[in-house]
Enquirer: 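One structure follows; several queries about it will come next.
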Amino acid sequence: MKNQTESNDNPSNFIRAIIEKNIRHKLYENKNWGGTPGDKNHHSKGKKDLAKIRTRFPPEPNGYLHIGHAKSIFLNFGLAKDFNGACHLRFDDTNPEKENDEFVNSIIEDVNWLGFDWQFNSESNLFYASDYFELMYTAAKLLIQTGHAYIDQQSADEIKKNRGTLTKPGINSPFRNLSPDENLRLFEEMKDTKHADGSMVLRAKIDMSSPNINLRDPAIYRIKRTTHHRTFNEWCIYPMYTFAHPIEDALEGITHSICTLEFEDQRPFYDWVLEKLLDNKLLSNPLPKQYEFARLNLTYVVLSKRCLVELVEKNYVSGWNDPRMPTLIGSRRRGYTPEGFKLFCERIGVSKADSWIDYSILEDCMREVLNISSHRRIAVLEPLKLVINNLPDDFEEECFVPNHPQNLELGKRTIKLTKELWIEKADFMEEPEKKYFRLFPGNQVRLRYGYVITCTGCEKDKDGNIIKVLCDYLPDTKSGTPGSDSVKVKGNIHWVSTKYALNAEVSLYDRLFKSEHPGLESENYLDDINPNSIKTVKIKLEENLANIKPYDQYQFERHGYFICDQESTSDFIKINRTVTLRDTWK
RNA sequence: UGGGGAGUCGCCAAGCUGGUUAAGGCACAUGGUUUUGAUCCAUGCAUGCGAAGGUUCGAAUCCUUCCUCCCCAGCCA
């Protein structure tokens with residue numbers, strides 16, 4: 001068994017290096033923490049922060065978490081853990097339109113499922129950006145009062161037109177030079193529902209000719225008469241992400257605000273907001289710093305929220321928890337494990353280079369983890385009858401089977417050998433192809449954990465389909481008995497008794513998309529959907545699986561890793577294939 | 001054509017305040033073990049760091065020029 005050193009020492013990455021350097025320079029040595037999020041005044045009354053660093057995972061609760069989020073979760077929570085810091089779970093709910101509590105709850109469950117919580121020093125660091133609306137409103141007024149923000153009454157179209165282009169500078173708004181008092185009055189009116197949605201917007205006053213378009217007076221507050229999932233109708237104005245995020249980070253004492261590459265251009269504004277609020281004494285040093293890493297791209301998978309929503313809404317999949325979905329909830333149902341995701345995240349690393357990770361890496365990680373933990377069981381996926389000629393009809397004999405051949409401490413069980421067995425269709429060939437060493441007339445194989453048999457032929461129906469394979473068993477070759485290896489065979493096939501086998505249904509999954517980069521070459525990623533991503537078959541299980549329960553996971557020997565589906569019952573056993581075993585034959 | 005990033009083995013990825021033979025993982029190859037064609041073990045696997053120049057006793061690391069790819073013009077995040 002492979003040792004697990006890979007997961008014990010943390011591979012270096014640029015963010016880890018930055019944190020180590022920061023700690024060496026005692027950057028956060030005298031940071032105060034008020035016990036809860038708050039402004040300068042609040043934290044100054046607190047104590048020295050016991051958390052060496054603070055990171056955060058800040059999802060917007062408008063969808064389910066997916067594998068890409070797992071990368072961010074392992075990064076942020078992992079860093080906090082390794083440096084004796086805290087990682088906050090923060091719901092970035094600044095746009096009420098698509099946010100709701102269902103998503104909040106699913107995110108909490110998913111993060112927990114991956115093995116993380118937000119406790120630190122007996123404090124629960126679970127926060128909502130919406131709890132800071134009052135402080136953000138105060139911050140906005142501070143910017144207005146100091147001449148760093150103004151109310152723009154241009155239409156959205158006009159603002160867009162006057163923003164300029166990548167190569168041409170923008171044009172100042174005619175409302176840009178309103179007095180602070182006038183702006184303050186208008187902003188208060190905005191808040192007091194005096195103005196219609198879209199009629200005006202609060203903008204930061206920076207530089208309409210900045211080469212960085214994000215600095216051309218970005219909008220920071222808009223009017224939106226939408227009920228918020230937590231503040232309901234208390235507010236009709238909501239802060240934009242670009243304005244809200246640095247403030248959220250600062251209020252929570254975040255030291256390292258880690259996000260993906262597309263926010264790089266936003267960093268100057270992130271710092272601008274914080275510096276202005278530092279000047280206004282709403283915030284204090286040390287200010288949080290933003291760092292960006294490359295988001296995960298997985299071949300044969302789409303991770304964009306827009307696509308995932310469409311797959312669900314247009315019924316290409318059965319729901320967010322369809323085992324083929326890259327969501328955490330779907331992965332879980334598929335049988336993917338937190339340990340597997342951990343290994344995966346360690347294996348792919350963190351950097352700023354755009355990259356595509358092959359889906360097989362993820363599958364390999366799941367196999368590696370499951371191989372160690374999964375008990376083995378026997379299942380026949382494509383049953384074909386095998387009859388042992390030289391055994392009496394009522395023959396029954398117990399065979400001892402280890403639950404894990406590489407880890408005998410996991411115990412053993414028995415299965416009953418009878419005259420008639422189910423074997424895999426693929427384990428018999430009337431006319432064997434080259435290098436085939438399973439059953440064919442005249443060949444010998446071992447019935448795994450039982451006897452060596454010699455194939456004597458087969459029977460077919462009138463259409464020529466093989467319906468029964470015949471064989472003789474060799475006495476004295478039973479597994480575990482002294483003379484068992486007197487006959488050497490290459491083939492070793494699994495089986496279940498036709499008399500005792502259990503019926504079950506298993507779903508065999510393939511990738512949801514047939515192209516490596518869905519939507520890249522075709523016009524629409526939906527055209528790349530794999531029409532054969534799911535195949536459901538009736539199978540035979542060994543008798544010991546009678547009490548299998550939802551989420552039980554096993555390796556079915558010679559097949560792969562399987563998990564009992566959440567909808568499975570004792571009357572109707574339903575199983576999902578997580579991933580096959582590696583197969584280097586052919 | 002403006003700005004911001006990135007280019008190290010088939011895929012990831014350390015190193016990048018210049019200094020022995022360019023970490024590690026995955027994949028692959030070849031042996032070995034094996035009652036899962038699985039697992040496991042051993043060995044091998046970049047004279048090269050996007051390209052070309054330059055500085056230097058010495059460069060993936062510094063300088064110059066060039067090439068390729070990604071991101072930015074929501075009152076989304």
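These values consider heavy atoms only, across backbone and side chains, with no hydrogens, waters or symmetry-generated copies. So that the names make sense, note that chain A is the first sequence line, chain B the second, and so on, each numbered from 1. This is a predicted model, so every value here is computed, not measured.
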Enquirer: Rounding to the closest angstrom, what is the interatomic distance between B:C57 and B:A52 at atom P?
Expert: 23 Å
Enquirer: When both hydrogen-bonding distances must be under 3.5 Å and the geometry is Watson-Crick or G-U wobble, what is B:G2 paired with, if anything?
Expert: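 Per the H-bond distance test, B:C72.
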Enquirer: Does A:D217 pair with A:R176 as a salt bridge, N-O distance under 4.0 Å?
Expert: yes
Enquirer: Regarding B:U36, can its base be found pairing with the side chain of A:R376 as donor and acceptor, where the two atoms are less than 3.5 Å apart?
Expert: yes
Enquirer: Give the B/S/- string for nucleotides 2-7 of chain B, one per nucleotide from 5' to 3', where a protein heavy atom under 4.0 Å of the base yields B, of only the sugar-phosphate yields S, and otherwise -.
Expert: BBSSS-
Enquirer: For B:G37, is there a stacking contact with A:W585, counting only centres under 5.5 Å and planes under 30°?
Expert: yes
Enquirer: Would you say A:K478 reaches B:U35's phosphate, i.e. side-chain N/O to OP1/OP2 under 4.0 Å?
Expert: no
Enquirer: Between A:E397 and A:K478, is there a salt bridge with N-O shorter than 4.0 Å?
Expert: yes
Enquirer: Using a cut-off of less than 4.0 Å, is there contact between a side-chain N or O of A:R295 and OP1 or OP2 of B:C70?
Expert: no
Enquirer: Decide, yes or no, whether a salt bridge links A:E363 with A:R511 under the criterion of side-chain N to carboxylate O below 4.0 Å.
Expert: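 Salt bridge flag = yes for A:R511 with A:E363.
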Enquirer: A:I563 pairs by side chain to side chain contact (heavy atoms under 4.5 Å, CB included) with which of A:T578, A:I575, A:T337?
Expert: A:T578
Enquirer: How many whole angstroms separate atom CZ of A:R306 from atom P of B:A77?
Expert: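 That distance rounds to 18 Å.
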Enquirer: Would you classify B:G25 as syn or anti? Syn applies when the glycosidic angle is within 90° of 0.
Expert: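 Anti conformation for B:G25.
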Enquirer: Atom CG of A:D249 and atom P of B:A77: how far apart are they, to the nearest Å?
Expert: 15 Å
Enquirer: Send over the distance from A:I357 CD1 to B:C11 P, rounded to a whole Å.
Expert: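 Between P of B:C11 and CD1 of A:I357: 11 Å.
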Enquirer: Determine: side-chain N/O of A:R582 to OP1/OP2 of B:A27, distance under 4.0 Å, yes or no.
Expert: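 The answer is yes; a side-chain N or O of A:R582 sits under 4.0 Å from OP1 or OP2.
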Enquirer: Using the P atoms only, state how far B:C9 lies from B:A60, rounded to an integer number of Å.
Expert: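 Their P atoms lie roughly 14 Å apart.
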Enquirer: Please name the nucleotide paired to B:G48 by Watson-Crick or G-U wobble geometry with both distances under 3.5 Å, or report none.
Expert: none
Enquirer: Write out a two-atom table: protein N or O, nucleotide N or O from nucleotides 31-34 of chain B, distance below 3.5 Å.
Expert:
none

Enquirer: Between B:U36, B:C75, B:A14, which nucleotide has the shortest distance from any of its atoms to the side chain of A:V201?
Expert: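 Minimum distance to the A:V201 side chain belongs to B:C75.
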Enquirer: Using the C1' atom as the point on both nucleotides, what is the distance between B:U20 and B:G37, in whole Å?
Expert: 45 Å
Enquirer: Sequence neighbours excluded, which residues qualify as side-chain hydrogen bond (donor to acceptor under 3.5 Å, both in side chains) partners of A:N443?
Expert: none
Enquirer: For atom C1', what is the distance between B:A22 and B:G48, given to the nearest Å?
Expert: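 My reading of the C1' atoms in B:A22 and B:G48 gives 8 Å.
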Enquirer: Which nucleotide, if any, forms a Watson-Crick or G-U wobble pair with B:U30, using both distances under 3.5 Å?
Expert: B:A42
Enquirer: Grab the CG-C1' distance between A:L303 and B:A77 for me, whole Å please.
Expert: 16 Å
Enquirer: Between B:G25 and B:C45, how far is it from one P atom to the other, in whole Å?
Expert: 14 Å
Enquirer: At under 4.0 Å, does any side-chain N or O of A:R558 touch on OP1 or OP2 of B:G37?
Expert: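 Yes, A:R558 has a side-chain N/O under 4.0 Å of OP1/OP2 on B:G37.
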Enquirer: Could you state the NZ-P distance from A:K21 to B:C16, rounded to the nearest angstrom?
Expert: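 Rounded to the whole Å, the gap is 11 Å.
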Enquirer: Quick check, are the ring centers of A:W235 and A:H228 under 6.0 angstrom apart?
Expert: no
Enquirer: When you measure from the side chain of A:R347, which nucleotide among B:C26, B:U35, B:A13 comes out closest?
Expert: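 When the side chain of A:R347 is considered, B:C26 is the closest of B:C26, B:U35, B:A13.
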Enquirer: Using only side-chain N and O atoms of A:R24, determine if any of them is under 4.0 Å from OP1 or OP2 of B:U17.
Expert: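 For B:U17, OP1/OP2 do not have a side-chain N/O of A:R24 under 4.0 Å.
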Enquirer: Using atom C1' in both nucleotides, what's the gap between B:G31 and B:U68 to the nearest angstrom?
Expert: 42 Å
Enquirer: Taking any heavy-atom pair under 4.0 Å as a contact, classify A:M240: base, sugar-phosphate, or nothing.
Expert: sugar-phosphate
Enquirer: Starting from the 5' end of RNA chain B, give me the residue, A:I348 or A:N492, whose nearest nucleotide shows up first.
Expert: A:I348
Enquirer: Cation-pi check for A:Y128 against A:R230: NZ or CZ below 6.0 Å from the six-membered ring centre and within 45 degrees of the axis, yes or no?
Expert: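 Yes.
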Enquirer: Does A:T94 place a side-chain N or O at less than 4.0 Å from the phosphate oxygens OP1/OP2 of B:A77?
Expert: yes
Enquirer: Which of these nucleotides, B:G74, B:A14, B:U36, is closest to any side-chain atom of A:R163?
Expert: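 In terms of side-chain proximity for A:R163, the closest of B:G74, B:A14, B:U36 is B:G74.
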Enquirer: Could you tell me whether the side chain of A:R446 has a donor or acceptor atom within less than 3.5 Å of a complementary atom in the base of B:U35?
Expert: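 Side chain to base: pair present.
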Enquirer: Report the distance from atom CG of A:N297 to atom C1' of B:C11, rounded to the nearest whole Å.
Expert: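 Those two atoms, CG and C1', are 13 Å apart.
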Enquirer: Give the intermediate values and the outcome of salt bridge (charged side-chain N to carboxylate O under 4.0 Å, His left out) for residues A:E20 and A:R16.
Expert: CA-CA 6 Å; A:E20 280 165 2; A:R16 201 169 276 277; 5.5 Å; no
Enquirer: Short question: side chain of A:N62, backbone of A:K98 - any donor-acceptor pair under 3.5 Å?
Expert: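 No: the side chain of A:N62 does not pair with the backbone of A:K98.
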Enquirer: So do A:K540 and A:E424 actually touch side chain to side chain, heavy atoms under 4.5 Å?
Expert: no
Enquirer: Find the distance A:W356:CH2 to B:C69:P and express it as a whole number of Å.
Expert: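 Computing the A:W356:CH2 to B:C69:P distance gives 16 Å.
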Enquirer: Indicate whether OP1 or OP2 belonging to B:G15 is found under 4.0 Å from a side-chain N or O atom of A:S12.
Expert: yes
Enquirer: Just how far, in rounded Å, is C1' of B:C75 from CZ of A:F187?
Expert: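 Nearest whole value for this atom pair: 13 Å.
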Enquirer: May I ask you to say what A:Q154 touches in the nucleic acid, namely base, sugar-phosphate or nothing, with a heavy-atom cut-off under 4.0 Å?
Expert: base
Enquirer: What does A:D364 touch in the nucleic acid at a heavy-atom separation under 4.0 angstrom: a base, only the sugar-phosphate, or nothing?
Expert: sugar-phosphate
Enquirer: Syn if the chi torsion is within 90° of 0, anti otherwise; quick check, which is B:G54?
Expert: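 For B:G54, whose glycosidic angle is more than 90° from 0, the conformation is anti.
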Enquirer: With a cut-off of under 6.0 Å to the ring centre and 45° to the axis, is A:K412 in cation-pi contact with A:F400?
Expert: yes
Enquirer: Are any of the side-chain nitrogens in A:E557 or A:R448 under 4.0 Å away from the carboxylate oxygens of its partner?
Expert: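 Answer for the salt bridge query: yes.
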Enquirer: My understanding is that a pair needs two contacts under 3.5 Å, Watson-Crick or G-U wobble. By that rule, which nucleotide pairs with B:U35?
Expert: none
Enquirer: Taking atom P in both B:C66 and B:C26, compute the distance separating them and give it to the nearest angstrom.
Expert: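 Those two atoms are separated by 41 Å.
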Enquirer: Within the structure shown, what part of the strands sits under 4.0 Å from A:I159 by heavy-atom distance: base, sugar-phosphate, or nothing?
Expert: base
Enquirer: So, A:S257 side chain and A:Q290 main chain: donor-acceptor pair closer than 3.5 Å or not?
Expert: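 Between the backbone of A:Q290 and the side chain of A:S257 there is no qualifying donor-acceptor contact (under 3.5 Å).
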Enquirer: How far, in whole Å, is B:G10 from B:A29 if one measures between their P atoms?
Expert: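 To the nearest whole Å, 15 Å.
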Enquirer: Run the ring-ring contact (aromatic ring centres under 6.0 Å, His included) check on A:F57 and A:F91 step by step: do they pass?
Expert: CA-CA 8 Å; A:F57 173 63; A:F91 291 99; 8.7 Å; no
Enquirer: Taking a pair as Watson-Crick or G-U wobble with both distances under 3.5 Å, which nucleotide is matched to B:A59?
Expert: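 Partner of B:A59: none found under 3.5 Å.
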